[in-house]
Amino acid sequence: MDHSEMIGYVRGVRAGVVSTLGPDGAPQAAYLTLAVTDRGELVFDAKPDSRKVANLRRDGRVAVVIGGTDGTTLQAEGIADFPTDDELERCAAAYLTTFPEFTESVRGGGVVVLRVTLHWARYGDFRGETPEIREIRFS
């Protein structure tokens, strides 16, 4: 799977589980809406006082699983950050293109926009007799 195929997959599924590390190092997971930029960064929103925001301010490492209901998955790992200025506008635009219904909360400051820059991902298609597993290369 190349980057454009991965982007298409995320745009088709639009949700997944994001796992962060809690204060004691234990995993904490949440099912979220997910968008993707043209660069392949994952974008989601969260309430400023949520566990995931506190966790990511402390440690940006995340694991993400997208899909699953149709027998395909994208498993990924990366670093989350809180984009600012032009990068925030670019990431928010990607998110709101996918989820225009969240415009008021994003533009009004009711949520923060987070970006995940991936460094590892694997696509799996388990629908056939022989599973297909494909790594995604990042530079």
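Residue numbers start at 1 and run along the sequence shown.
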Is there a chain of hydrophobic side chains (I, L, V, M, F, W, Y, each step under 4.5 Å between heavy atoms) that links L42 to V113?
-> no

Taking every heavy atom of P23 against every heavy atom of Q28, the minimum-distance pair comes out as CD-NE2, 4.2 Å

Using atom types as modelled and distance alone, determine if a side-chain donor or acceptor of H3 lies under 3.5 Å from a backbone N or O of R137. yes

List the steps, then state whether side chain to side chain contact (heavy atoms under 4.5 Å, CB included) holds for V116 with F44.
-> CA-CA 9 Å; V116 178; F44 60 94; 3.8 Å; yes

Do V65 and V62 sit in the same hydrophobic cluster, where Ile, Leu, Val, Met, Phe, Trp and Tyr count as joined when their side-chain heavy atoms come under 4.5 Å apart?
no

When rounded to the nearest 0.5 Å, the distance separating CG of L74 from CZ of R134 is 10.5 Å

Smallest heavy-atom separation, V13 atom then G67 atom, equals CG1-N, 3.7 Å

Requested in this report: Could you walk me through whether V53 and F82 pass the side chain to side chain contact (heavy atoms under 4.5 Å, CB included) test, one step at a time?
Outcome: CA-CA 9 Å; V53 166; F82 300 81; 4.0 Å; yes

Following the transitive rule for hydrophobic clusters with a side-chain heavy-atom cut-off under 4.5 Å over Ile, Leu, Val, Met, Phe, Trp and Tyr, establish whether L118 and V43 coincide in one cluster. no

Rounded to the nearest 0.5 Å, the CD1 atom of I79 sits from the OG1 atom of T117 at a distance of 8.5 Å

| Which is it for L114 and K52 under the side chain to side chain contact (heavy atoms under 4.5 Å, CB included) test, yes or no, and what are the steps along the way? | CA-CA 10 Å; L114 294 102; K52 73 185 115 332; 5.7 Å; no

Residues passing the side-chain hydrogen bond (donor to acceptor under 3.5 Å, both in side chains) test with T73, sequence neighbours excluded, are none

Minimal heavy-atom distance between A92 and R107, with the atoms involved, is CB-NH1, 3.9 Å

Exercise. Would you confirm whether Y123, through its side chain, and Y9, through its main-chain N or O, come within 3.5 Å as a donor-acceptor pair?
Key: no

Exercise. What about F138 and M1, same hydrophobic cluster or not, with Ile/Leu/Val/Met/Phe/Trp/Tyr joined at side-chain heavy-atom distances under 4.5 Å?
Worked result: yes

Contacts of Y95 meeting ring pair (Phe, Tyr, Trp, His ring centres under 6.0 Å) (sequence neighbours excluded), chain-then-number -> F99

dist D59:CG -> L56:CG (nearest 0.5 Å) comes out at 8.0 Å

Members sharing F126's hydrophobic cluster, built from side-chain contacts under 4.5 Å between Ile, Leu, Val, Met, Phe, Trp and Tyr, are I133

Those residues at least two apart in sequence (or on a different chain) that pass salt bridge (Lys or Arg N to Asp or Glu O under 4.0 Å) with D2 are none

Quiz prompt | Side chain to side chain, L34 and V18, heavy atoms closer than 4.5 Å | solution = yes

dist I66:CD1 -> Q75:CD (nearest 0.5 Å) comes out at 10.5 Å

Rounded to the nearest 0.5 angstrom, the CG-CG distance for D45 and L32 is 8.0 Å

Smallest heavy-atom separation, R127 atom then D70 atom, equals CD-O, 3.0 Å

Residues A94 and A35: closest non-hydrogen pair is O-CB, 3.9 Å

Is D38 salt-bridged to R90, going by a charged N under 4.0 Å from an acidic O? no

_Taking the side chain as everything from C-beta on, heavy atoms only, tell me whether S105 gets closer than 4.5 Å to K47._
no

- side chain to side chain contact (heavy atoms under 4.5 Å, CB included) evaluation trace for E77 with V64: CA-CA 6 Å; E77 297 173 358; V64 182; over 6 Å; no

All heavy atoms of P48 vs all of G110, minimum pair found to be CD-O, 3.4 Å

- Are V36 and V106 connected in a single hydrophobic cluster, I mean Ile/Leu/Val/Met/Phe/Trp/Tyr linked by side-chain heavy atoms less than 4.5 Å apart? no

Across all chains, not counting sequence neighbours, the side-chain hydrogen bond (donor to acceptor under 3.5 Å, both in side chains) partners of E135 are W120, R122

Worksheet item: Does some side-chain heavy atom of D81 sit less than 4.5 Å from a side-chain heavy atom of E87?
Response: no

For L21, the other hydrophobic cluster members (4.5 Å side-chain criterion, sorted by chain and number) are none

Are E89 and R115 within salt-bridge range, i.e. N to O under 4.0 Å?
no

